[in-house]
Number of protein chains: 2
Amino acid sequence: MKKKFVFLFSEGNASMRELLGGKGANLCEMTRQNLPVPKGFIVSTEACSDFYLNNQTLSSLIEKQIFKALSKIEKQTGKIFGSVDNPLILSVRSGARISMPGMMDSILNLGLNDEIVRGFSKISNPRFAYDCYRRFIQMYSNVVEGIDIDEFEKVIDSIKKASKIKLDKDLSLNDLKLLIKEYKKIYKSFVGKPFPQNVHDLLINSVKAVFKSWNNNRAILYRKMNNIPDDWGTAVNVQCMVFGNLNEQSGTGVAFTRNPANGDNNIYGEYLMNAQGEDVVAGIRTPLPISQLKIQNESIYNEFVSYAKNLEKFYRDMQDMEFTIENNKLYILQTRNGKRTAKASLKIAVDLVSEGLINEKEAIDRLEPNKLDTILHPILDENILKNYEPIAVGLPASPGGCCGKIVFSPEKAIEFHEKGEKSVLVRLETSPEDIEGMTIAEGILTARGGMTSHAAVVARGLGTVCISGCEKIEFSKNFVKIGKETFCEGELISLDGNTGFVYKGEIPTIPAKLSGDFETIMNWCEKYKTIDVYANADTPQDAKTAFQFGAKGIGLCRTEHMFFEENRILAMREMILATSLKQREKALKKLLPFQQNDFLNIFKEMQGLPVTIRLLDPPLHEFLPKTQQEINELSSSLNISPENIQEIITKLHEFNPMMGHRGLRLAVTYPEIYEMQTKAIVLGAIEAKLKFHVDVKPEIMIPLSVDINEFLFVKSVIVKTIDKILKEKNQNIKFSIGTMIETPRAVIIADKLAKYCDFFSFGTNDLTQLTYAFSRDDAGKFLQDYYNKNIFKTDPFRIFDREGVGELLKIAIEKAKKVNPNIKIGVCGEHGGEENSIEFFNELGLNYVSCSPFRIPIARLTSSKLKSFFKK
Amino acid sequence: MKKKFVFLFSEGNASMRELLGGKGANLCEMTRQNLPVPKGFIVSTEACSDFYLNNQTLSSLIEKQIFKALSKIEKQTGKIFGSVDNPLILSVRSGARISMPGMMDSILNLGLNDEIVRGFSKISNPRFAYDCYRRFIQMYSNVVEGIDIDEFEKVIDSIKKASKIKLDKDLSLNDLKLLIKEYKKIYKSFVGKPFPQNVHDLLINSVKAVFKSWNNNRAILYRKMNNIPDDWGTAVNVQCMVFGNLNEQSGTGVAFTRNPANGDNNIYGEYLMNAQGEDVVAGIRTPLPISQLKIQNESIYNEFVSYAKNLEKFYRDMQDMEFTIENNKLYILQTRNGKRTAKASLKIAVDLVSEGLINEKEAIDRLEPNKLDTILHPILDENILKNYEPIAVGLPASPGGCCGKIVFSPEKAIEFHEKGEKSVLVRLETSPEDIEGMTIAEGILTARGGMTSHAAVVARGLGTVCISGCEKIEFSKNFVKIGKETFCEGELISLDGNTGFVYKGEIPTIPAKLSGDFETIMNWCEKYKTIDVYANADTPQDAKTAFQFGAKGIGLCRTEHMFFEENRILAMREMILATSLKQREKALKKLLPFQQNDFLNIFKEMQGLPVTIRLLDPPLHEFLPKTQQEINELSSSLNISPENIQEIITKLHEFNPMMGHRGLRLAVTYPEIYEMQTKAIVLGAIEAKLKFHVDVKPEIMIPLSVDINEFLFVKSVIVKTIDKILKEKNQNIKFSIGTMIETPRAVIIADKLAKYCDFFSFGTNDLTQLTYAFSRDDAGKFLQDYYNKNIFKTDPFRIFDREGVGELLKIAIEKAKKVNPNIKIGVCGEHGGEENSIEFFNELGLNYVSCSPFRIPIARLTSSKLKSFFKK
């Protein structure tokens with residue numbers, strides 16, 4: 001039997017998305033459930049693979065199956081494709097296994113030619129029929145032949161100018177006929193042949209063009225960003241057209257079964273009468289809220305709502321639907337699980353569980369940890385906000401607050417990003433070509449488009465603040481007027497994505513408060529968690545946040561940040577400038593009470609959870625003044641000549657400070673520094689125990705070990721100090737001592753180190769730097785070339801490198817566990833809060849990941865989605 | 001049976017050096033051969049271990065055995081230890097398994113006390129006897145009780161002043177008696193007890209003190225420098241004294257069976273009449289050449305020569321002997337294999353082989369590769385030298401030429417060294433305490449001492465230039481007068497260790513020419529070689545040297561050095577400052593002919609041996625101007641504003657350039673750079689083939705790989721370029737393509753890389769940096785603390801780290817050979833020329849090491865000493 005490449009909508013169901021694509025499988029499912037879906041068929045993803053395997057040709061078998069399916073549709077509809085009297089008009093749309101909104105191409109109104117349009121105009125109306133035909137020519141020329149859409153827009157503009165009209169819909173029949181004539185001229189001049197008249201060829205060419213669009217640049221980029229395999233391919237949906245633009249009793253809309261911004265359980269959407277679907281999505285006209293439809297046509301509204309509710313129950317998730325009304329008859333064109341904000345995703349998850357549609361673990365598994373970032377990320381500071389008047393208002397399309405310098409193009413956003421500056425992209429509207437710049441910008445502000453416009457959908461997906469449809473924006477050549485204010489590129493603007501308000505200038509942001517749904521989910525996470533989540537927290541304030549977010553301990557408390565505060569840095573500098581042990585000890589003595597108090601309060605905040613304190617790590621020169629003025633100030637404070645200070649700064653300068661005199665190397669040279677820090681930890685722990693009755697669990701972490709003698713030398717300094725003070729104070733507290741594994745050499749000697757360590761913590765930042773020889777401070781400059789040339793897919797500093805650094809982790813773990821099976825092993829470093837990386841660390845059987853306080857919920861959610869390494 | 005710890009000289013032989021120490025075993029052997037050796041016995045190295053195991057006490061068993069042996073000696077000599085009338089006087093000397101000259105302590109003239117000295121003066125002469133006694137008190141107090149020798153010297157000086165005499169030997173009997181009284185006062189004031197009178201106690205204390213001296217600081221340092229295990233321990237030789245200072249018919253000397261400076265087959269040595277051995281070695285008086293003895297006392301001279309020749313035959317090596325003449329009777333006190341200069345070692349090896357005493361492989365195995373360094377190292381440039389007049393002349397104690405800044409103390413030499421400055425140590429004489437400074441100085445110049453003085457022996461061992469006994473040196477507080485010239489610390493001086501001439505100012509040095517013996521040895525090496533030796537050679541000149549020294553290929557030709565020449569750097573800078581591909585290609589076009597010509601000439605010099613060319617590696621900013629003046633010059637050359645240039649310099653600045661935009665990363669960003677270089681290689685190879693009929697073997701090496709996609713991207717740039725040009729020129733040359741393995745990630749993905757590589761070259765410099773996170777430019781500052789605190793024994797940049805980096809090499813080799821068993825693997829990096837490291841690389845089964853041209857003979861000699869990895 002011949003392989004089946006083409007399926008009628010009546011031949012599939014929801015489970016067939018791999019073969020039929022998501023859109024196709026859902027169209028089949030709705031057909032199966034007797035929803036009013038226009039008839040059609042699907043050319044499968046396997047046909048797409050076949051197309052690419054055969055050097056981008058469509059096999060005759062597939063062509064045959066297409067036309068066979070088409071003839072069945074003709075029978076079902078009673079219309080004939082290519083007939084002048086009773087023509088069947090089709091749409092040809094892409095549809096991959098998972099939705100890639102706007103990334104691939106579609107062709108609408110296919111089935112018309114110079115002759116058929118005349119017949120079609122008789123059974124519909126002439127203006128409508130010719131408008132369909134000119135839209136088809138435009139779309140086909142663009143998608144199949146790659147002719148720039150602007151070529152056509154220019155012609156429209158000149159005709160509108162000549163006819164003195166403003167809107168496309170005011171074009172007269174004659175205007176449209178003229179337009180078609182001009183369009184065909186453009187086609188001929190580009191392609192060298194007249195516009196094709198054989199509709200069967202047009203269909204085949206369109207199917208092929210959709211297959212080809214799987215490999216256009218923005219689709220490739222989107223797949224890269226979303227880790228979608230390149231070999232999946234897309235299906236093609238060929239479907240009878242229904243016309244929302246047929247007349248004023250027609251229209252088209254997009255709606256969600258729940259509010260995608262906040263999760264409220266109400267139908268939420270927009271529609272436009274006398275319009276085709278692309279008009280809503282492209283955001284060219286600002287549509288009406290769906291609640292308006294209830295007033296305008298209650299029976300259609302109610303019919304829609306009942307379909308919507310049923311589909312939601314069937315798919316057990318919030319649905320994003322497209323519908324068209326043709327002559328007062330409702331058609332459903334698409335349903336899919338709706339994209340939503342993080343906030344909405346939490347509410348919907350909690351609601352679906354309480355409605356009994358899904359269980360807790362399903363709810364967890366559906367949530368995307370990285371998306372939580374949006375609600376964990378800042379909003380505009382309300383205390384400051386209240387002193388500001390908004391300069392304009394738009395639709396609150398993607399929540400959160402942001403502030404940045406205005407840019408008018410995605411290229412400029414990238415340029416600013418490379419300089420380390422935050423930008424806000426201000427555009428008339430956005431298009432899929434802008435995706436890279438949108439990814440980078442802090443916020444997006446558009447003059448056109450609704451809540452479901454391209455800008456809004458993409459921004460919500462990215463977790464980027466977005467205000468769309470802000471009509472009070474006027475663009476000029478080098479500046480933009482927003483409300484009454486004028487802005488040049490680079491001027492500061494603030495957006496409140498929760499309200500849609502736009503502000504002039506810089507409004508600082510603060511972390512968002514967390515809702516009850518969030519807490520509910522986090523409590524579920526606690527039940528299903530695998531690997532533990534610790535926090536990187538350097539201050540009592542951080543520790544407090546970490547504890548509130550449910551950290552199981554502190555995995556990394558960096559002690560150096562404690563020295564940068566104003567009253568401490570002077571003593572620190574005095575210590576560095578000391579020329580004798582005595583002087584150094586004197587300065588260290590001044591630092592002791594500060595450190596002791598920090599540790600006391602961190603122990604107190606963590607309420608008996610483990611606190612891993614890393615002893616001083618950065619090279620000493622980082623603490624020294626940078627400017628002449630600072631040097632002079634220090635000079636007079638410490639009574640050391642500026643020349644002398646300059647000399648020490650010069651002496652301490654390093655060519656590669658990342659690989660310089662830092663970490664435990666400092667304690668090899670100056671054991672008294674670690675002695676002081678250990679003393680502060682021990683005294684802080686004793687005080688926390690005695691004063692606040694905290695069952696302290698201090699873990700002292702030695703950074704940057706490379707050698708066993710080196711480690712033991714430094715460990716003995718620490719142990720001696722602990723023992724001495726505990727004895728003096730007649731106290732008994734258990735101190736864990738361990739090391740960071742952040743050099744390849746530490747990996748190789750992990751067995752030797754493990755013998756003397758209670759714990760290891762992989763410093764994956766430094767280990768990644770050393771494994772790749774990538775300086776984090778410098779690599780950004782050239783990594784872009786690696787992405788552009790498809791050498792790297794992701795940044796190894798963001799997503800942990802399993803292949804290289806991961807192999808080193810495996811070596812270290814195996815060596816360590818061989819000699820010390822109970823050694824506690826964790827990860828501190830940016831990767832500890834990144835989804836994909838956490839999955840790997842859990843697979844390795846690590847005890848915990850440690851991440852910044854605001855990544856803790858993300859890490860906890862990720863942890864609860866994984867399979868436990870330890871068989872319980 | 002009780003364990004035997006003490007052995008009479010008649011109870012041992014040459015094979016027992018582990019138990020009896022080198023000196024002891026040889027004394028036994030000479031006794032066995034009936035040479036005139038004063039009677040004595042040895043307390044074994046096992047006794048030393050026992051001493052340390054028992055908390056530095058001497059067991060009663062050992063004491064008993066000592067006194068039992070002593071009584072046998074008394075019987076043999078007819079003298080009685082402790083007798084007043086017929087006293088036995090002993091020396092107590094250290095003697096480890098291998099000679100550690102001057103590092104441990106000895107005590108002479110033991111057996112005297114206040115009473116015995118009176119009896120002794122009767123059977124010898126009073127002045128002599130009291131001189132012996134005062135020497136004993138001084139030595140015992142210093143060695144056993146640690147009283148500073150200066151305490152005693154001060155007393156001598158004041159007595160000499162009072163008596164208005166200059167030399168010790170002019171002290172009268174009364175002076176000596178007064179001296180003894182004062183010495184005993186000093187002893188009492190330090191020790192709190194009178195000077196001991198029980199000679200048996202004195203003997204036991206002396207033995208213990210010698211055992212203790214195994215662990216004095218300079219002995220520990222010497223062992224560390226020479227890789228001598230700390231647990232070997234020393235033996236103690238207790239021997240009857242014979243007195244070279246008895247009268248004018250007595251004397252003492254040191255002689256070599258062949259010339260230790262040039263290897264000539266003549267007795268070579270020095271002696272002093274009426275002196276004890278220490279007077280010769282310490283270099284306080286300048287001795288006479290041994291040829292003088294032939295004139296002075298021919299029969300004794302002939303007797304000595306006959307012993308010497310026999311011992312040389314027996315030991316099959318050049319001997320270094322100590323002798324004493326007492327009242328016209330010759331005694332041999334020591335023989336050992338003599339230390340010698342590298343030049344002498346070659347001549348002696350060749351001569352011994354041609355005399356039939358040893359075979360070629362034995363000759364090779366005896367040579368110390370590192371020592372060859374001296375003859376491969378520079379001599380003063382004769383063309384410049386001829387314009388200089390020497391300002392003084394001394395003994396040419398250690399050959400070679402050097403130039404440096406004068407320092408007066410070893411501490412200062414270390415200080416200069418740390419600043420990266422070369423120093424010449426100028427001293428009255430040197431002592432074992434100076435060892436560290438002597439190691440570091442470029443040269444040593446002493447006012448006193450002969451060819452066998454401390455300074456001379458140590459300098460020859462170190463391969464450091466030394467001129468000793470340069471009498472025209474006068475020291476003042478802050479300066480020194482050499483000849484008629486006055487020098488302050490830091491002023492430049494040049495030494496010619498081959499002639500003994502001293503020059504004022506800086507005379508440049510040039511590489512030494514190699515003698516015929518050297519060639520003979522190198523030819524032998526070729527027969528016995530294991531791992532191949534390639535050269536690091538960047539220029540045709542380097543290639544020529546490498547070829548002459550017998551390199552089997554070039555393992556590393558760094559192309560960047562080619563760009564620093566004056567007429568090239570401008571084009572290079574133009575390339576870096578280019579803002580478009582077109583501009584960059586234009587600048588690269590200018591560089592092409594330079595590179596092509598370099599490669600042509602390197603291929604030509606290497607005459608068909610493999611030439612491994614590494615494509616551009618350093619970050620581009622290294623080529624940019626550093627000073628404002630340079631920037632201005634560049635600005636007017638290239639017609640780019642200085643501000644613009646400054647901006648690019650700022651943009652290219654890197655925080656950690658070692659881990660920055662370098663290596664193949666440059667080619668990811670700018671493939672055109674590697675394209676140009678490949679083109680130059682291919683064109684150079686074709687030209688070498690056609691013009692000079694060289695069977696070229698170009699190997700193109702890609703630096704700094706971390707990823708397989710990255711490598712393949714760059715490799716394809718190279719392959720395409722090669723194929724294109726070969727086709728254009730209608731030529732067929734095989735190009736190997738490989739990569740450096742110098743990042744830990746390259747190690748981990750070695751299997752993936754090996755699939756596409758013809759060869760690997762371990763860049764052990766960078767791999768060591770990344771494995772340790774030690775920046776080579778910065779680590780020097782803190783590594784000193786690691787040595788001081790006994791954490792590191794050696795510098796991992798000098799001696800390859802087997803434990804850490806070595807493990808990575810093993811991983812890479814295993815992975816690579818699994819997928820590509822025939823892959824050629826080598827090492828380029830400083831370690832490729834270091835003895836211990838080469839041994840390891842050979843054990844790993846690598847194909848070659850590559851080192852700087854002047855290390856090639858060292859590496860070849862090392863290679864020929866090793867066991868072959870491949871079973872032949």
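What you see is a predicted model; the values in this text were computed from it and never measured. Naming: A, B, ... by sequence-line order, numbering from 1 per chain.
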Who among B:Leu704, B:Asp707, B:Leu808 has the most heavy-atom pairs with chain A under 4.5 Å? B:Asp707
Does the pair A:Arg745 and B:Glu803 meet the rule for a salt bridge (charged side-chain N to carboxylate O under 4.0 Å, His left out), with working shown? CA-CA 9 Å; A:Arg745 203 170 190 284; B:Glu803 181 188 21; 3.0 Å; yes
Of B:Asn790, B:Val747, B:Asp801, B:Ile811, the largest count of non-hydrogen pairs under 4.5 angstrom with chain A goes to B:Asp801
How about A:Lys755: does its NZ atom have over 12 heavy atoms from other parts shown lying under 6.0 Å from it? no
Chain B contact via A:Asp766 - side chain, backbone, both or neither, heavy atoms under 4.5 Å: neither
Is the closest basic N to carboxylate O distance between A:Asp785 and B:Arg665 below 4.0 Å? no
Spacing of B:Thr743 atom OG1 and A:Tyr772 atom OH [to the nearest 0.5 Å]: 9.5 Å
Is the count of non-hydrogen atoms from other residues, nucleotides or ligands lying under 6.0 Å from A:Lys582 atom NZ greater than 12? no
Rounded to the nearest 0.5 Å, what separates atom OG1 in B:Thr771 from atom CD1 in A:Ile749? 11.5 Å
How far apart are the C-alpha atoms of A:Phe655 and B:Asn656, what are their side-chain angles, what is the distance that settles it, and do they pass the side chain to side chain contact (heavy atoms under 4.5 Å, CB included) test? CA-CA 7 Å; A:Phe655 292 97; B:Asn656 294 290; over 6 Å; no
So does A:Glu421 have more than 12 non-hydrogen atoms from other groups sitting under 6.0 Å from CD? yes
Is the number of heavy atoms from other residues, nucleotides or ligands under 6.0 Å of B:Lys224 NZ greater than 12? yes
Is it the side chain or the backbone of B:Pro619 that comes within 4.5 Å of chain A heavy atoms, both, or neither? neither
CD (A:Glu807) and NZ (B:Lys815) are apart, to the nearest 0.5 Å, by 5.0 Å
State the CE-CE distance between A:Met658 and B:Met659, to the nearest 0.5 angstrom. 5.0 Å
Pair A:Tyr786, B:Val668 - check side chain to side chain contact (heavy atoms under 4.5 Å, CB included), show working. CA-CA 7 Å; A:Tyr786 277 67; B:Val668 169; 3.7 Å; yes
B:Glu710/A:Lys789 ion pair, N-O < 4.0 Å: no
Check the surroundings of atom NE2 in B:His621: do more than 12 heavy atoms from other residues, nucleotides or ligands lie under 6.0 Å from it? yes
Side chain, backbone, both or neither: which part of A:Pro796 has a heavy atom under 4.5 Å from chain B? neither
Part of A:Lys651 lying under 4.5 Å from any heavy atom of chain B: backbone
Examine whether an atom of B:Glu742 lies under 4.5 Å from a heavy atom of chain A, and if so say whether it belongs to the side chain, the backbone or both; otherwise answer neither. neither
Interface moiety of B:Leu652 toward chain A, non-hydrogen atoms closer than 4.5 Å: backbone
Which bit of B:Phe713 comes within less than 4.5 Å of chain A, counting heavy atoms only: side chain, backbone, both or neither? side chain
A:Gln583 CD: over 12 foreign heavy atoms closer than 6.0 Å: yes
Quick one: OG1 on A:Thr669 to CG on B:Asn788, what's the gap to the nearest 0.5 Å? 9.5 Å
Bottom line for B:Leu712: the part with an atom under 4.5 Å from chain A's heavy atoms is neither
Considering only heavy atoms and a distance below 4.5 Å, find which of B:Val706, B:Asn709, B:Val805, B:Ile791 pairs most often with chain A. B:Ile791
Check whether B:Ile748 gets within reach of chain A through its side chain, its backbone, both or neither, counting any heavy atom under 4.5 Å. side chain
